[in-house]
Every structure is written in structure tokens, then in C-alpha cells.
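Here's the structure, in C-alpha cells; my notes come after.
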Amino acid sequence: MELRQYANIIWRWLWLILLCTILAGGTAYWVSRNSTPIYQASVTLLINEAQNPDLNDYTAILTSERLARTYAELLKTRPVLEQVIERLGLPMEANELAKNISVQPVRDTQLISLSVESPNPELAAEIANMIPVIFAERNERMQLGRFASSKENLAREIEAIQQDIARTQEAITRLGTPETPAEQAELDRLQSALTQYRNSYSNLLQSYEEIRLAEARSINNIVISEPAEVPTYPVRPRVLLNTLLAAIVGAMLAIGGVFLIEYLDDTIKTPDDVSQILGLPTLGAIARIRTDGRAQQLITHSEPKSPISEAYRTLRTNIQFSSVDRPIRTLLVTSSSPSEGKSTTAANLAVVMAQTGQRVILIDTDLRRPILHKFFGLPNAAGLTTSLLTGADPILDGYLQPTEVENLWVLTSGPTPPNPSELLGSQRMQDVIQRLQQEADILVFDSPPALAVTDAAVLARQLDGVLLVIDAGETRQPLAQRACQELTNVGAHILGVALNKLATGRSGYYYYYYYYYYYSESENGYRRRRSLQADGRGWRSIATRWFRKPPSRPEKQRE
């Protein structure tokens, strides 16, 4: 598929893409506008890490990173959040609060970013500032517990030594000045014991201070580097961003759905489809006739200057030049299925052929559901079947009915017979065709659909050419292929396809097909301007002219 075809698909389904885009964006906008705004308060924490001279630089960096990740997880633990809830008096559970907290270490730093979301901006800031306070208190108590037992033991020993020193000093005071050798000996002993107690006290006190120093050096904790402030703007919902994203997603889904529909759609829609699928040229591209009455279907007679009438003239010209070595004097118009517009095409084609001055006879060989007499407002009491069943030789007098179109006669079907296929394939029918050729230059036959009954196949092998009418966008590829195969099997000469009921502007094929033909046939700019005015395209005609590849000329199509 060419880029131009992708563009045509998008242009054809642009209404759906725009609708999905507007619906998705509008829905997102309405939901966002009616959602409860959520505010976010953030606090930046600094890890106050204890210095360890025994670690090298690389190990210290790894230790810092692990410590930051550890603290980031501990800040959201249930005991910390429960104390925050208790201290602030929040009406929620810890797991509910944890869903609104986000903690992330800042890469390559000793910082931690903590964010809290809440519909209440003041409450979000309070929670964000309270969490590190509670955590720091708990973390300090936990780390101090490692030295508590040693400090308690040293404190008890120091207290005992202090008591011993006090008792010894009191004993020395009571002894006073020794008067006897025994008192002198007792005084010496007490002074020696006091000296030992004081030395022990000094050692214990030194040990206690060393433990306190080690405790101070080994405590890791966090401090608030930048406290949280009350947010003024909500972080959710982001109305504009949500609307744009939803619109983009809606457009992408619509485009995907469009291409899926096109992929699953096996109908024939364009002349390119006809060429690729059937291997036949598109002799004419005709827009849908928007009329109510049957008589108004003869648009080539009622509106000879309309674009659709010009399209039928294009079809007439292409048929005339489709077989130069073998002039087309008898033409069968058929389709693969009912309601594809074959009768309308046959009638209008006969009109434009008659307008060139040729004698044309339009024969209704649809002996099951005849309709041509309604187009021209003619009676159908007698016609083809009457001629076939009456007398030994074909009699046409009284059966060929003139029309309002000069040089055009109609041979209606007549009464519906019980055996249409047998009548159309009989020798009597061949005699009727030969007799009609003596009366006119061109014979146009309207037959039933090729796949519905065998009438078209039976009649096609007796005529010079077959025009297959396809309803653009409705006729399925397998049906069209089967119809071509059925006609080819009986030796019919299929001239090409009339792509019928094209929607105005469908991929630009109908309008450009007509415009190119009408412009190429004109000898001056007047007819070109008239074509654009009748076409009514305005600026779209200019865009079509410059941005679309023109279809091949009829002569090239025939080749």
C-alpha cells in the first residue's frame, strides 16, 4: 500500500478519528476537572553518617549508598507511621498512610527526598515534616542501645568505687593522728587503699568517657536539610496533560481501528482495487445518484451537464475504444449481485450513446425482475418474450418503443416466462439479436446478476462484449472474482468494469477521474471552469489536482 493510499484512508475516516479524539479528550477533561485535587509536600533529608577511619574511600561510598537505601525503606515502616498518626491524631491506618508516601534516595548524594500526598495541603506538609522527626528519635534510641549495657556496668562500678573512696576517706578522718605503731600501720593501709580506689576510679571514668566518645562517633542519623512547605498547586489531576494524552490515545486507537477495518474490508472500492484484484481496467467511475424516483435515474437525460453525466460519457468513450479491431455493436451490462446499479448504468449508457447520433436499442433481458420500462415510463405488456414466442421469425414491429431520447428505442422484457435461461440461450434469441442489429448501430442488453442465475452467462457468449458493474464499497472481492470467472468460462469478452455508486469524495477517485477526463477533452479553459463549477468542489478540487496522482488515460488503461 502506497503512502498516498494511507493518506486517502485517513482522509476518508477523518470524521471518525476526530470524533474519537474529541470524545477521549473531552472525557479526560471532564473526569480531571471533577476529580479531587491532590497536593504533594516534599522534604529533603541529610544523612548524618558516623565517620569510620578504618574504611577506605570506595568502601565508604558503598556504605553510604546502602545506608541511604536502608533509611529510605525504614522511613515507611509501620512503627514510624503509627507514631506519626498518634502524634498528629490522624483518622487513618498505617498501611493507608504508606500508600501516600514516596521516599527516594538522591543519586550520588547523602540526601533523601520524602514526599507526601494528601487532599489537604497543610496536612501533607505536617506529615512530611513529622516523619523524619519520629524516625530520628527511634533511630537514635535504637543505636544508643548498643552501648547502654556497657555504660550501665561502668556506671555501677564507678558508683561502687566512689562509695569505697568515701568510706576509706571517712575511716582516715576518724583515725586522725596515729599515736601507736598499730594506728600508724592502719593509717598506711587506708591511704594505700584510697590510692588504689582513686586509680581504679580514674581508669573507670576514662573507660566510660571512651565509650561515650565511641557512641557519639558511631551514631548514624538523619537531619532535615530542607523542610516541607505547604503546597499551593495540586500535582493531580493535571487537566491539560491528561486531556492531551487522552486525545492522542483516542486518535491512535481510532487510526488503528480504521486500518483494522480497512484490512478486514474485502470490498472493491477504487479503480486500483479493480486492477489488482480482477485484472480489468476501470472504464468508468460513477458517483451515487441521489434521487428518489425511477425516472430521475436517467440523469444523463434530465441533467446532461452534471458531473455524473460526464462520467457516463467517459464510460461510453472508453467502451468505444476498448476493442479497436473488433467494434462493439452488442454490449451486455451485468453485475455480480443484485442492487449494484446495472440497470441504471445500462439505461444511462444507452442514453449517452444515442446522444452521439447513433441508433441505439436498449433491450431488457432481465426476464425475472424487469425494470427498464419503469425508467422510461413505458408499458411492459409486450416485449422481448412476446417476440421470442410469436411466429416462426422474430417480429419487432410494435415491440420497439421509442423514448424521449432521440435515436433511442427500448425493447422491454414483456411478460415474465417460466424458463428465462432457456429462452435466452435458444436459437430464437440469436435470431432476435441478428434482427435487432439490422435496426440499430448499438445494442445494449440489461441482464440479471451473473451469480444469481445463469442468464448473463448464457447471453454473454452471444454478444461482442460485457460490462461488469461493481458497487464501490459494497461488492465483495470473492463475488466479483467469481462473476468474472463465470463469464470467462463461457467465453465472454469482458471489456472492463464500471465502478458505480462511488461516494462523493471517496478517496478522490470519482471526482478526479471525471475532472481529468473533462479537462483533457476540453480545448479551452471555459470547459475546465464549467467542470469545476458543476463539480462543486471548491478548494478540494485544487488539493485533489496537486496532491493526487492522476489516473491513467483511457488509451493507457486499454493497453
Side-chain angles (χ1 to χ4, degrees), residues 281 283-284 286 297-306 308-334 342-365 372-373 375-378 383-384 387 394 396-412 429-447 459-460 462-469 492-498 500 514 517-518 520-522 527 554-555 557-558:
L283 301 181
I286 305 165
Q297 295 290 341
L298 294 176
I299 190 171
T300 52
H301 178 63
S302 60
E303 301 179 27
K305 295 183 179 180
S306 69
I308 299 178
S309 299
E310 291 294 340
Y312 279 112
R313 294 187 183 96
T314 303
L315 177 61
R316 175 197 66 195
T317 303
N318 289 340
I319 291 174
Q320 291 173 350
F321 288 94
S322 60
S323 181
V324 178
D325 297 333
R326 181 184 176 186
I328 304 300
R329 294 197 60 200
T330 56
L331 176 67
L332 177 69
V333 181
T334 186
K342 60 175 184 58
S343 298
T344 303
T345 301
N348 284 281
L349 182 60
V351 170
V352 295
M353 286 180 172
Q355 289 173 349
T356 62
Q358 301 179 90
R359 294 170 57 85
V360 182
I361 297 178
L362 178 61
I363 304 101
D364 193 348
T365 55
L372 287 182
H373 62 282
F375 286 174
F376 293 90
L378 302 175
L384 178 61
S387 175
L396 300 179
D397 295 341
Y399 299 141
L400 289 178
Q401 304 184 52
T403 65
E404 296 179 357
V405 181
E406 187 178 358
N407 300 322
L408 177 61
W409 290 264
V410 175
L411 178 58
T412 60
M429 184 62 191
Q430 296 182 16
D431 297 339
V432 170
I433 295 174
Q434 294 177 0
R435 180 70 179 85
L436 290 171
Q437 285 181 309
Q438 299 174 5
E439 301 291 332
D441 300 320
I442 300 176
L443 304 181
V444 180
F445 295 81
D446 177 29
S447 73
L459 190 58
Q462 306 177 45
L463 306 180
D464 296 335
V466 176
L467 177 66
L468 183 64
V469 178
H493 180 208
I494 304 177
L495 303 178
V497 169
N500 195 31
Y514 159 65
Y517 165 74
Y518 200 50
S520 63
E521 289 295 319
S522 64
R527 295 189 63 184
E555 290 79 6
Q557 290 182 350
R558 290 191 296 274

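Worth saying up front: this structure is predicted, and the values here are computed from it rather than measured.
- Contact annotation: the side chain of Tyr312 approaches that of Thr344 to within less than 4.5 Å [non-hydrogen atoms, C-beta and beyond].
- One side chain, Ser306 or Ser309, offers a donor N or O that lies under 3.5 Å from an acceptor on the other.
- Listed by chain and number, the residues in a side-chain contact (heavy atoms from CB on, under 4.5 Å) with Ala440 are Arg359, Ile361, Leu443 (sequence neighbours excluded).
- Leu384 is listed as a side-chain neighbour of Thr365, based on a closest heavy-atom distance under 4.5 Å.
- The side-chain hydrogen bond (donor to acceptor under 3.5 Å, both in side chains) test applied to Gln437 returns no partner, not counting sequence neighbours.
- Between Leu331 and Leu463, every side-chain heavy-atom pair lies at or beyond the 4.5 Å cut-off.
- Scanning all heavy atoms of the two residues, the minimum distance from Leu378 to Pro402 falls at CD2-O, 4.0 Å.
- Across all their heavy atoms, Leu411 and Gly383 have their closest contact at CD1-C, 4.0 Å.
- The side-chain heavy atoms of Leu283 and Thr317, taken from C-beta on, include no pair separated by under 4.5 Å.
- Within the 4.5 Å cutoff, side-chain heavy atoms of Thr412 are placed close to those of Val410.
- By the salt bridge (charged side-chain N to carboxylate O under 4.0 Å, His left out) test, Asp446 pairs with Lys342, sequence neighbours left out.
- With sequence neighbours left out, the side-chain hydrogen bond (donor to acceptor under 3.5 Å, both in side chains) criterion links Thr345 to no other residue.
- With hydrogens and angles ignored, the 3.5 Å screen pairs a side-chain donor or acceptor of Arg313 with a backbone N or O of Pro304.
- Judged as a side-chain contact (heavy atoms from CB on, under 4.5 Å), and not counting sequence neighbours, the contacts of Glu404 are His301.
- Of the inter-residue distances, the one linking Trp409 atom CH2 with Leu400 atom CG reads 8.5 Å to the nearest 0.5 angstrom.
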Quick one: do Leu408 and Gln355 satisfy side chain to side chain contact (heavy atoms under 4.5 Å, CB included)? Show the steps, please.
CA-CA 9 Å; Leu408 177 61; Gln355 289 173 349; over 6 Å; no

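- Rounding to the nearest 0.5 Å gives a distance of 12.5 Å between OG1 of Thr314 and CD1 of Ile308.
- Considering only residues two or more places apart in sequence or on other chains, His493 meets the side-chain contact (heavy atoms from CB on, under 4.5 Å) condition with Ser323, Arg326, Leu495.
- When every heavy atom of Pro327 is checked against every heavy atom of Asp464, the shortest pair comes out as O-OD2, 3.7 Å.
- How far CG of Leu467 is from CG of Leu349: 7.0 Å, rounded to the nearest 0.5 Å.
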inquiry  = Using side chain to side chain contact (heavy atoms under 4.5 Å, CB included), reason through Phe376 and Leu362 one step at a time and then give a plain yes or no.
reply    = CA-CA 11 Å; Phe376 293 90; Leu362 178 61; 3.6 Å; yes

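- Between Asn407 and Gly357 the shortest heavy-atom distance is ND2-CA, 3.5 Å.
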TODO: Could you give me the CA-CA distance, side-chain angles and deciding distance for Phe445 and Val333, then say whether side chain to side chain contact (heavy atoms under 4.5 Å, CB included) is met?
DONE: CA-CA 6 Å; Phe445 295 81; Val333 181; over 6 Å; no

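- Among residues two or more places apart in sequence or in another chain, the side-chain hydrogen bond (donor to acceptor under 3.5 Å, both in side chains) test is passed with Thr403 by none.
- Contacts of Thr300 classified as side-chain hydrogen bond (donor to acceptor under 3.5 Å, both in side chains), with partners at least two apart in sequence or in another chain: Asn348.
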Working note: Gln358 + Gln320, criterion side chain to side chain contact (heavy atoms under 4.5 Å, CB included); need CA distance, chi angles, decisive distance, verdict. CA-CA 12 Å; Gln358 301 179 90; Gln320 291 173 350; 3.5 Å; yes

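- In terms of heavy-atom proximity, Val444 sits nearest to Ala346 at CG1-O, 4.0 Å.
- Nearest heavy atom pair, residue Ile328 against residue Ile319, reads CG1-O, 4.1 Å.
- For the atom pair CE of Met429 and CD of Gln434, the computed distance is 11.5 Å after rounding to the nearest 0.5 Å.
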